[in-house]
Amino acid sequence: MTKGAQRPKYNPQEIEKKWQKRWEETGLYRTVEDPSRPKHYALTMLPYTSGDLHIGHWYAMAPSDARARFMRMNGYNVFFPIGFDAFGLPAENAAIQHGIHPKKWTMDNIERMRKQLRSMGAMWAWDREAITCLPGYYKWTQWFFLKFYEHGLAYRAKAAVDFCPKCNTTLAREQVWGEDRHCERCGTPVIKKELEQWFFRITDYAEELLEGLDKIDWPERVKTMQRNWIGRSEGANVVFRSEQDDPIEVFTTRPDTLWGATFMVLAPEHPLVDKLTTPENRQAVQDYKYQAARQSEIDRLSTEKEKTGVFIGAYAINPVNGERIPIWIADYVLMTYGTGAIMAVPSHDERDFEFALKYGLPIIPVIDRPDGLAKSLVPEKHVREGFTEALKRAGIAFEKREGSFYITLKGDEQLDEYVKLAQEHVHPKGWIEVAGRGWQFIFADQVLTLDSVASDQAILAKLQQAGDKAASQARTTMELLYGREWYRDVLFHAEYGTMIHSGEFSGTPGDKAKEAVTKWLEEKEIGHFQVTYRLHDWLISRQRYWGAPIPIIYCEKCGVVPVPYEDLPVLLPDDAKFSPTGESPLKYHEGFVNTTCPKCGGPAKRETDTMDTFVCSSWYQYAYISPYYEGDVPFDPEKGKYWLPVDQYTGGIEHATMHLLYTRFFTKVMRDIGLVDFDEPMLHLFNQGIILGEDNEKMSKSRGNVVNPDDYVQTLGADSVRAFLMFIGPWDEGGSWSSTGIEGIFRFINRVWSVVLDPREAPKEKASDKEIADLLRTMHKTIKTVTNDFQNFKFNTALAALMKFNNYLIKAKETNVYATEAWDEAIRNLILMLAPIMPHVTEELWERIGGPYSVHTQSWPKYDEELARDEVITLVVQVNGRVRARLQVPADIPEDEAKKAALEQPNVRRHIAGKEIVKEIYVPGRLVNIVVR
RNA sequence: GCCGAAGUGGCGGAAUGGGAUACGCGGUGGUCUCAAAAACCACUGGAGAUUUUCUCCGUGUGGGUUCGAAUCCCACCUUCGGCACCA
């Protein structure tokens with residue numbers, strides 16, 4: 001082994017500082033619009049100004065920087081900007097708790113984060129940095145609000161917020177604590193308060209947001225989440241009427257089940273509730289409404305808890321069959337979805353089924369079971385002699401235990417035959433029932449079918465008459481049947497199937513039913529086709545100081561008046577007084593609130609709500625193009641034409657629905673008002689996983705497993721931190737930190753350092769052609785692997801391949817290939833391929849081997865398939881799929897020779913001795929499998 | 001409850017129909033040293049044998065397809081993530 005005493009040691013602290021300074025001085029990462037080169041806009045989600053760059057930021061940013069560098073080396077003019085999401089609640093809390101102005105707190109944090117970001121050595125376009133809380137930025141956020149308002153996409157409506165009555169403050173969801181939902185500051189139980197708030201009409205774009213997903217290369221996971229979030233469903237709106245003739249519109253996805261609607265449920269907040277409630281039910285309804293309002297939407301929607309509801313005393317008429325049905329209120333019906341009222345079809349909706357069983361409401365099946373299954377339970381005394389034989393003759397499956405027949409029927413034919421057979425054999429004092437399908441109660445003198453509310457009661461009465469004890473206790477026929485374990489699995493289903501018990505529609509097959517009924521509803525003018533989305537309009541009002549003020553003025557004479565464009569920005573006053581309760585200081589800031597009406601010049605008041613920070617981050621990728629732009633649109637259109645849209649976006653999966661949906665919405669609106677000419681903001685998306693602590697748990701202060709990247713940057717260097725984060729595992733799967741693992745990376749860098757720089761005496765002999773070819777082959781294979789891996793964000797295997805290559809070079813260095821042309825090329829390529837991952841040490845090594853500045857402006861190495869090809873391969877020989885021999889053969893060995901060589905192996909011969917060869921399988925370049933019997 | 005992803009050595013992981021465990025960590029032994037650290041070298045899934053070679057077992061569990069399965073199919077178990085009565 002060569003001694004390297006005279007060569008310099010790898011000193012990351014020194015070289016990282018040196019090169020960061022040099023890069024800055026030479027403007028290596030300055031952005032230039034260069035139409036002669038293809039562009040690549042690489043974007044990583046902007047950080048919130050929390051104050052410290054933690055390892056999670058590094059995990060998100062370092063690999064995306066490496067990818068951006070890779071694209072740059074591949075000939076792209078890469079734009080890789082950075083900025084800060086700077087408005088938000090924590091800054092305001094700092095002001096309240098420590099008396100620091102939110103602006104100072106935020107800007108100090110940014111200063112610290114900039115330093116930490118620089119230590120990463122990323123190729124950020126600092127010249128395009130954008131900070132969302134600066135007037136030059138939020139001026140345009142406000143401009144967007146005005147444009148949305150102008151186009152009818154911003155509107156004001158009442159909406160309930162969590163509110164602390166003692167602090168007189170709106171609370172965010174994370175400020176409401178505990179089961180009893182109390183205020184985080186003072187512990188007072190939180191109430192709901194209705195406030196006038198501003199909304200963006202994102203639902204106008206619901207359909208397009210859904211369809212656009214097919215056009216973008218995003219992870220399927222994210223697309224699925226967005227589809228579910230938008231939640232499109234097709235159905236019909238149907239108008240029921242109360243007995244007092246009030247129209248009550250419901251939305252249903254199952255108009256084909258209308259005949260089975262046996263009650264209605266309104267959301268407790270439904271406007272008709274108070275009007276329809278009868279005096280004797282008033283108190284119960286009031287109590288129920290109060291407790292529903294106290295719950296959070298999450299609690300209300302929890303599937304854990306048992307369904308509750310209250311009858312309001314009123315009835316409605318089912319428009320399709322004239323049935324009189326009771327009206328209930330229940331918290332499982334939400335005012336915010338559909339029409340806030342449903343028709344309940346307990347026979348084919350699981351929640352309605354549960355609700356009806358609990359409250360004894362009738363359940364009438366109206367859709368046939370698609371699986372054709374029916375069941376019958378018959379006590380022996382209910383039938384006459386010969387029943388058993390008749391069943392056997394008909395080939396009907398049954399079990400007999402404890403004096404009863406348990407019969408399972410499959411298909412129409414068996415059902416018909418059984419009904420006939422039952423009529424013949426039913427005892428004069430008994431009956432035979434069929435559930436699941438048919439729904440018949442066969443008595444000696446008559447057959448009753450469960451096909452209407454009236455028949456439900458008639459059946460019960462008749463059964464009581466026949467002396468059935470359970471029937472006298474049951475409120476509905478279904479309840480009675482549900483009491484018998486045997487029937488449980490056939491009583492309910494929610495599938496499409498042939499309509500039954502539905503008047504003229506009975507017999508309509510399941511695949512036509514929905515459409516046929518909807519058409520009929522339209523003809524009869526009692527309903528119409530309707531698409532409903534789960535997606536709500538976007539509530540953007542925040543009763544906070546630290547956000548972009550909503551540019552609206554309220555004038556007593558002129559009403560709601562938008563701030564004229566030329567008056568933007570509406571500045572946040574610097575001299576705000578922060579109350580300990582968290583109440584927005586804007587409301588009490590006379591200088592801010594009082595203004596004059598832009599229309600009439602009279603006295604007027606400003607809107608004191610600010611905008612949701614998601615508004616700021618919905619257009620930041622455009623702001624980066626030309627931050628704090630001073631033209632008459634938010635960004636320089638010329639530069640935008642060159643850079644937009646974003647080619648590669650990276651960030652956490654937690655933004656799958658909110659941010660990523662909002663920014664898509666913004667882009668579509670921007671297109672409609674002529675700012676951009678494309679539909680989707682980000683063409684490709686990659687979600688990194690989560691970095692866990694050394695103990696495989698989520699990092700948290702309470703667990704004490706938080707990793708501070710600055711510590712490692714100081715000791716092992718940024719290059720080691722970057723490389724280790726990329727080496728942990730597949731980027732999208734996350735991984736856990738390891739303090740010994742990163743030392744392994746540091747050792748690797750040292751080995752690269754020494755293989756490149758340690759001097760060695762010139763070899764005594766000339767390298768052979770074979771040695772050279774071997775080196776070149778290994779090099780080209782490595783380039784191929786690493787290139788593909790970088791393309792696919794597989795940094796972990798790229799690094800593994802580079803380590804392997806380096807191990808190879810360490811050995812090769814001791815041979816005669818050292819100092820050959822091929823050797824120099826291999827060393828150059830090793831440095832080039834490592835450059836995106838560890839930008840500092842590669843720049844240093846590049847300089848030391850005499851490469852021109854900078855390594856980061858060099859071209860990515862190209863590989864040659866021809867040179868990468870193996871000449872000799874290991875042929876695996878299997879007998880019955882088990883490896884019995886391996887042999888070295890020329891890569892292009894003909895099939896018959898390969899088989900012949902395989903059969904000559906002693907161990908192979910042993911395993912096939914005395915057996916018959918049935919088959920020989922040959923996979924070129926890989927294996928021979930001899931199948932024997 | 002529903003949807004999605006995953007389960008491979010002591011650990012992080014590699015291999016997506018053909019050699020299981022690449023690469024790294026950790027461990028063991030060695031070289032160097034007065035010694036230690038660092039560095040370097042070798043070995044490192046388990047069991048067995050007639051031990052320089054070979055056999056068997058082994059990718060969450062059970063079955064299946066195939067000449068051949070970590071990989072494909074079916075059922076189940078576990079973990080993680082997301083969503084939450086959406087009519």
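Just so it is clear, the structure is predicted and the values come from calculations on it, not from any experiment. In what follows, chains carry the letters A, B, and so on, assigned in the order in which the sequence lines appear, proteins first and then strands, with residues in each chain numbered from 1.
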Does A:K223 place a side-chain N or O at less than 4.0 Å from the phosphate oxygens OP1/OP2 of B:rG82?
no
Using a cut-off of less than 4.0 Å, is there contact between a side-chain N or O of A:R882 and OP1 or OP2 of B:rC57?
yes
Would you tell me if any nitrogen or oxygen in the side chain of A:S233 comes within less than 4.0 Å of OP1 or OP2 on B:rA87?
yes
Taking 4.0 Å as the cut-off, does a side-chain nitrogen or oxygen of A:R926 come that near to OP1 or OP2 on B:rG68?
no
How close or far is atom C1' of B:rG19 from atom CG of A:L887, stated in whole angstroms?
12 Å
If you check the A:F727 side chain, which of B:rU55, B:rG12, B:rC25 turns out closest?
B:rG12
Answer yes or no: does a side-chain N or O of A:H911 lie under 4.0 Å from OP1 or OP2 of B:rU55?
yes
Once you apply a heavy-atom cut-off of 4.0 Å, does A:V923 come out as touching a base, just sugar-phosphate, or nothing?
base
Interatomic distance where CD belongs to A:E743 and C1' belongs to B:rG26 [whole Å]
12 Å
What is the nucleic acid contact for A:N228, judged by heavy atoms within less than 4.0 Å: base, sugar-phosphate only, or nothing?
nothing
Looking only at side-chain N and O atoms, does A:N807 come under 4.0 Å of OP1 or OP2 in B:rG24?
yes
Starting from C1' on B:rA38, measure out to OH on A:Y10 and report it in whole angstrom.
17 Å
What's A:G735 touching, base or sugar-phosphate or nothing? Going by heavy atoms closer than 4.0 Å.
nothing
What's the NZ-P distance between A:K794 and B:rC23, to the nearest Å?
17 Å
In whole angstroms, how far is the P atom of B:rA87 from the CG atom of A:L266?
18 Å
Look at the side-chain N and O atoms of A:R884 and state whether any lies under 4.0 Å from the OP1 or OP2 oxygen of B:rU55.
yes
Go through B:rC86, B:rA14, B:rA20 for me and flag the one nearest to the A:N796 side chain.
B:rA14
Once you round it to whole Å, what is the distance between P of B:rG26 and CD1 of A:I728?
15 Å
Nearest-Å distance once atom C1' is located in both B:rG81 and B:rG29
44 Å
Using a 90° cut-off around 0 for syn, call B:rU53 syn or anti.
anti
5'-most contact on RNA chain B: A:T532 or A:T740, nearest heavy atom basis?
A:T740
With rounding to the closest Å, how many angstrom separate the C1' atoms on B:rA87 and B:rG7?
38 Å
A:T797 side-chain proximity, nearest of B:rG4, B:rA14, B:rA87:
B:rA14
Taking atom P in both B:rA22 and B:rA75, compute the distance separating them and give it to the nearest angstrom.
34 Å
Measure from the side chain of A:W229, starting at C-beta and using heavy atoms only, and say which of B:rA84, B:rG13, B:rA87 lies closest.
B:rA84
Rounding to an integer number of Å, can you tell me how far A:Q878 CD sits from B:rA69 C1'?
12 Å
Does B:rC25 have OP1 or OP2 sitting under 4.0 Å from an N or O in the side chain of A:R747?
yes
Name the nucleic acid region contacted by A:R933, choosing base, sugar-phosphate or nothing; use a 4.0 angstrom heavy-atom cut-off, strictly under.
nothing
Indicate yes or no: does A:D758 engage A:K813 in a salt bridge with an N to O separation below 4.0 Å.
no
Proximal nucleotide (of B:rA42, B:rC54, B:rG68) relative to the A:N929 side chain:
B:rG68
Heavy-atom donor-acceptor pair, A:Y359 side chain to A:G309 backbone, under 3.5 Å
yes
Please classify the nucleic acid contact of A:T657 as base, sugar-phosphate, or nothing, using heavy-atom distances under 4.0 Å.
nothing
A:T874, nearest nucleotide to its side chain (from B:rA87, B:rG19, B:rC40):
B:rG19
Same-atom distance (C1') from B:rA38 to B:rC32, integer angstrom:
11 Å
Between A:R227 and A:D214, does at least one N-O distance fall below 4.0 Å, as a salt bridge requires?
yes
Taking atom C1' in both B:rC73 and B:rC83, what distance in whole Å separates the two?
29 Å
For residues 528-535 of chain A, which side-chain N or O atoms pair as donor and acceptor with protein atoms under 3.5 Å away, sequence neighbours left out?
unit_1: A:Y533; atom_1: OH; unit_2: A:E207; atom_2: OE1; d: 2.2
unit_1: A:R534; atom_1: NE; unit_2: A:W229; atom_2: O; d: 3.2

Given the rule that a pair is Watson-Crick or G-U wobble with both distances under 3.5 Å, how would you write RNA chain B in dot-bracket, using | for pairs to a different strand?
(((((((..(((.....[....)))((((((.......))))))(((((...)))))..(((((..]....))))))))))))....
Identify, between A:L927 and A:I930, the residue whose nearest nucleotide on RNA chain B lies closer to the 5' end.
A:L927
Does NZ in A:K358 sit with more than 12 non-hydrogen atoms of other residues, nucleotides or ligands closer than 6.0 Å?
yes
Distance-only check: which donor-acceptor pairs under 3.5 Å involve side-chain atoms of residues 924-933 of chain A, not counting sequence neighbours?
unit_1: A:N929; atom_1: OD1; unit_2: A:N880; atom_2: N; d: 3.4
unit_1: A:N929; atom_1: OD1; unit_2: A:G881; atom_2: N; d: 3.0

Centroid-to-centroid, A:F355 to A:W328, below 6.0 Å?
yes
Expressed as a whole number of Å, how far does the C1' atom of B:rU21 sit from that of B:rC57?
16 Å
Which is true for A:I921 with a 4.0 Å heavy-atom rule: it touches a base, it touches only sugar-phosphate, or it touches nothing?
base
Syn/anti label of B:rG9 as read from its glycosidic torsion, with the cut at 90° from 0:
syn
B:rG9 to B:rA70 separation - C1' atoms, rounded to the nearest Å
14 Å
Nearest to the A:K698 side chain among B:rA87, B:rG24, B:rG81, which nucleotide is it?
B:rG81
Any sub-3.5 Å donor-acceptor pair from A:R254's side-chain atoms to A:A494's backbone N or O?
yes
How many whole angstroms separate atom CD1 of A:I653 from atom C1' of B:rC3?
13 Å
The nucleotide from B:rC54, B:rA87, B:rG19 with an atom nearest the side chain of A:R910 is B:rC54
Which word best sums up how the rings of A:F251 and A:Y337 line up, parallel for under 30°, tilted for 30 to 60°, or perpendicular for over 60°?
perpendicular
Categorize A:R534 for me: base, sugar-phosphate, or nothing, with a 4.0 angstrom heavy-atom threshold over every strand shown.
base
When the C1' atoms of B:rA69 and B:rU59 are considered, how many whole Å apart are they?
11 Å
Given side chains that start at C-beta, do those of A:N907 and A:V877 come closer than 4.5 Å, heavy atoms only?
no
A:D896 with A:K899: basic N within carboxylate O range, under 4.0 Å:
no
Where do A:P268 and A:A292 come nearest, in terms of heavy atoms and distance?
CG-CB, 4.0 Å
It should be established whether A:K919 places a side-chain nitrogen or oxygen under 4.0 Å from OP1 or OP2 of nucleotide B:rC67.
yes
